[in-house]
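For reference, the structure is listed below as structure tokens.
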Amino acid sequence: MRRNNMDDPRLREAAIQKPIEAIRQMYLDQNGFSEPMVDKMKALRQMYIELEQPTLVKSVRLVYEYAESKDWTFSLAAWEEENDISSLEYYLDLLTNPGNKYNREEIRELNDYLKATLKGEEVEFRPGADDEEEEEATEENTEEA
């Protein structure tokens, strides 16, 4: 079994947290996604490369490529319906603690969705859908017993 390295304590250090917060502040100041933010995201991606975090490297790249392809918007209804913040702010919150198993799971689900979408596939983003299906199956099995 592959060791999950997203729980690397270096990901919680200021060197990583500061660029995440800078991206968030730029987003809030500009009231949206912008091309200059991509430069900051590319720098963050480079940090993840140096820390050998392939899932996070891919995730950051997919987010800015998706935003570019959608005329500088990054809006996911599934996240915005559940949270009082924008999709990008929620994503950045996930990056502040990628070692948390739920955050890690959502980052991977997001990556799958963005990859498929950027390939032109029609897919629905339903974070935690696998968990819901698993819970329903468990409940059905419990009721049958």
Side-chain angles (χ1 to χ4, degrees), residues 1-139 142:
M1 188 171 143
R2 250 180 29 172
R3 182 183 173 278
N4 174 9
N5 66 347
M6 285 201 312
D7 57 1
D8 184 332
R10 297 176 297 172
L11 295 173
R12 304 275 303 172
E13 292 177 358
I16 293 290
Q17 298 297 312
K18 282 183 182 178
I20 293 170
E21 288 310 311
I23 293 166
R24 180 190 318 271
Q25 194 57 54
M26 182 178 268
Y27 176 79
L28 293 172
D29 290 346
Q30 297 173 2
N31 198 27
F33 212 103
S34 67
E35 217 169 325
M37 283 177 57
V38 173
D39 293 333
K40 289 200 179 295
M41 292 184 84
K42 286 180 179 179
L44 178 64
R45 182 175 178 268
Q46 184 59 43
M47 296 171 107
Y48 288 140
I49 289 170
E50 292 167 11
L51 292 173
E52 299 177 355
Q53 297 292 325
T55 301
L56 299 176
V57 169
K58 180 184 289 185
S59 186
V60 171
R61 178 183 54 80
L62 290 170
V63 166
Y64 65 70
E65 286 179 356
Y66 178 87
E68 286 175 316
S69 76
K70 300 290 184 184
D71 294 323
W72 301 111
T73 59
F74 183 73
S75 179
L76 304 170
W79 277 352
E80 292 185 359
E81 289 170 5
E82 292 181 23
N83 304 291
D84 291 333
I85 57 177
S86 72
S87 295
L88 185 68
E89 290 174 279
Y90 185 77
Y91 172 71
L92 294 171
D93 283 348
L94 296 176
L95 291 182
T96 62
N97 187 9
N100 173 290
K101 75 178 190 173
Y102 300 108
N103 292 1
R104 185 170 53 237
E105 201 172 284
E106 271 196 89
I107 290 168
R108 287 189 176 124
E109 290 172 348
L110 175 67
N111 287 0
D112 291 343
Y113 168 77
L114 294 177
K115 252 190 311 191
T117 301
L118 288 167
K119 288 180 183 176
E121 298 173 17
E122 291 285 328
V123 292
E124 184 179 352
F125 181 57
R126 292 184 46 217
D130 292 340
D131 296 339
E132 292 169 14
E133 292 166 7
E134 199 172 286
E135 284 176 22
E136 288 172 9
T138 302
E139 287 174 12
T142 304

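Numbers here are sequence positions counted from 1. Computed over heavy atoms, backbone and side chain alike; hydrogens, waters and symmetry mates excluded.
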Let me confirm one number: the [atom1]-[atom2] distance from [X] to [Y], rounded to the nearest 0.5 Å.
| X | Y | atom1 | atom2 | result |
| --- | --- | --- | --- | --- |
| Arg10 | Glu52 | CZ | CD | 7.5 Å |
| Ile49 | Lys42 | CD1 | NZ | 11.5 Å |
| Leu62 | Phe74 | CG | CZ | 9.5 Å |
| Tyr27 | Ser86 | OH | OG | 3.5 Å |
| Leu92 | Ile23 | CG | CD1 | 6.0 Å |
| Asn5 | Leu51 | CG | CG | 9.0 Å |

Is a salt bridge present between Arg24 and Asp93, judged by a nitrogen-to-oxygen distance below 4.0 Å?
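Salt bridge: yes.
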Minimum-distance pair of heavy atoms, taken over all atoms of [X] and [Y]:
| X | Y | answer |
| --- | --- | --- |
| Leu76 | Ser87 | N-OG, 2.7 Å |
| Met26 | Pro36 | SD-C, 3.9 Å |
| Met37 | Leu88 | CE-CD2, 3.2 Å |
| Gly99 | Arg104 | O-NH1, 2.6 Å |
| Ala15 | Met47 | O-CE, 2.8 Å |
| Pro19 | Ala14 | CD-O, 4.1 Å |

Are the side chains of [Y] and [X] in contact, using a 4.5 Å heavy-atom criterion?
| X | Y | value |
| --- | --- | --- |
| Val63 | Tyr66 | no |
| Leu95 | Leu44 | yes |
| Tyr90 | Glu82 | no |
| Tyr64 | Asp39 | no |
| Tyr48 | Leu11 | yes |

Pairing residues for Glu124 by the side chain to side chain contact (heavy atoms under 4.5 Å, CB included) criterion, not counting sequence neighbours
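Here the qualifying residues are Arg126.
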Quick one: side chain to side chain contact (heavy atoms under 4.5 Å, CB included) partners of Ala22, sequence neighbours excluded?
Lys40
Heavy-atom count around Glu121 CD within 6.0 Å, excluding the residue itself: above 12?
yes
For Asn31, does the CG atom sit with more than 12 other heavy atoms under 6.0 Å from it, leaving out its own atoms?
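Open: at most 12 neighbouring heavy atoms sit under 6.0 Å from CG of Asn31.
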Can you list the residues that meet the side-chain hydrogen bond (donor to acceptor under 3.5 Å, both in side chains) rule with Ser75, with sequence neighbours excluded?
Glu80
Residue list, side-chain hydrogen bond (donor to acceptor under 3.5 Å, both in side chains) with Arg12, at least two apart or on another chain:
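side-chain hydrogen bond (donor to acceptor under 3.5 Å, both in side chains) list for Arg12, sorted by chain: empty.
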Please walk me through it: do Val38 and Trp72 pass side chain to side chain contact (heavy atoms under 4.5 Å, CB included)?
CA-CA 10 Å; Val38 173; Trp72 301 111; 3.4 Å; yes
Taking only residues two or more places apart in sequence or in another chain, which ones pass ring-ring contact (aromatic ring centres under 6.0 Å, His included) with Phe125?
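Residues passing ring-ring contact (aromatic ring centres under 6.0 Å, His included) with Phe125: Trp79, Tyr113.
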Is a side-chain donor or acceptor of Gln30 paired with a backbone partner of Gln25 at a separation under 3.5 angstrom?
no
Verify, without hydrogens or angle tests, whether Glu109 (side chain) and Gly128 (backbone) share a donor-acceptor contact under 3.5 angstrom.
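It does hold such a pair.
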Hey, mind stepping through Lys101 and Asp7 against side chain to side chain contact (heavy atoms under 4.5 Å, CB included) and telling me if it holds?
CA-CA 9 Å; Lys101 75 178 190 173; Asp7 57 1; over 6 Å; no
Sequence neighbours excluded - salt bridge (charged side-chain N to carboxylate O under 4.0 Å, His left out) pairs with any residue from residues 56-66:
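For residues 56-66: Arg61-Glu65.
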Given the rule in the side chain to side chain contact (heavy atoms under 4.5 Å, CB included) test, do Glu89 and Leu28 qualify, once you have shown the distances and angles that lead to the verdict?
CA-CA 9 Å; Glu89 290 174 279; Leu28 293 172; 3.4 Å; yes
Tyr91 and Val60: side chain to side chain contact (heavy atoms under 4.5 Å, CB included), yes or no, with the steps?
CA-CA 10 Å; Tyr91 172 71; Val60 171; 3.5 Å; yes
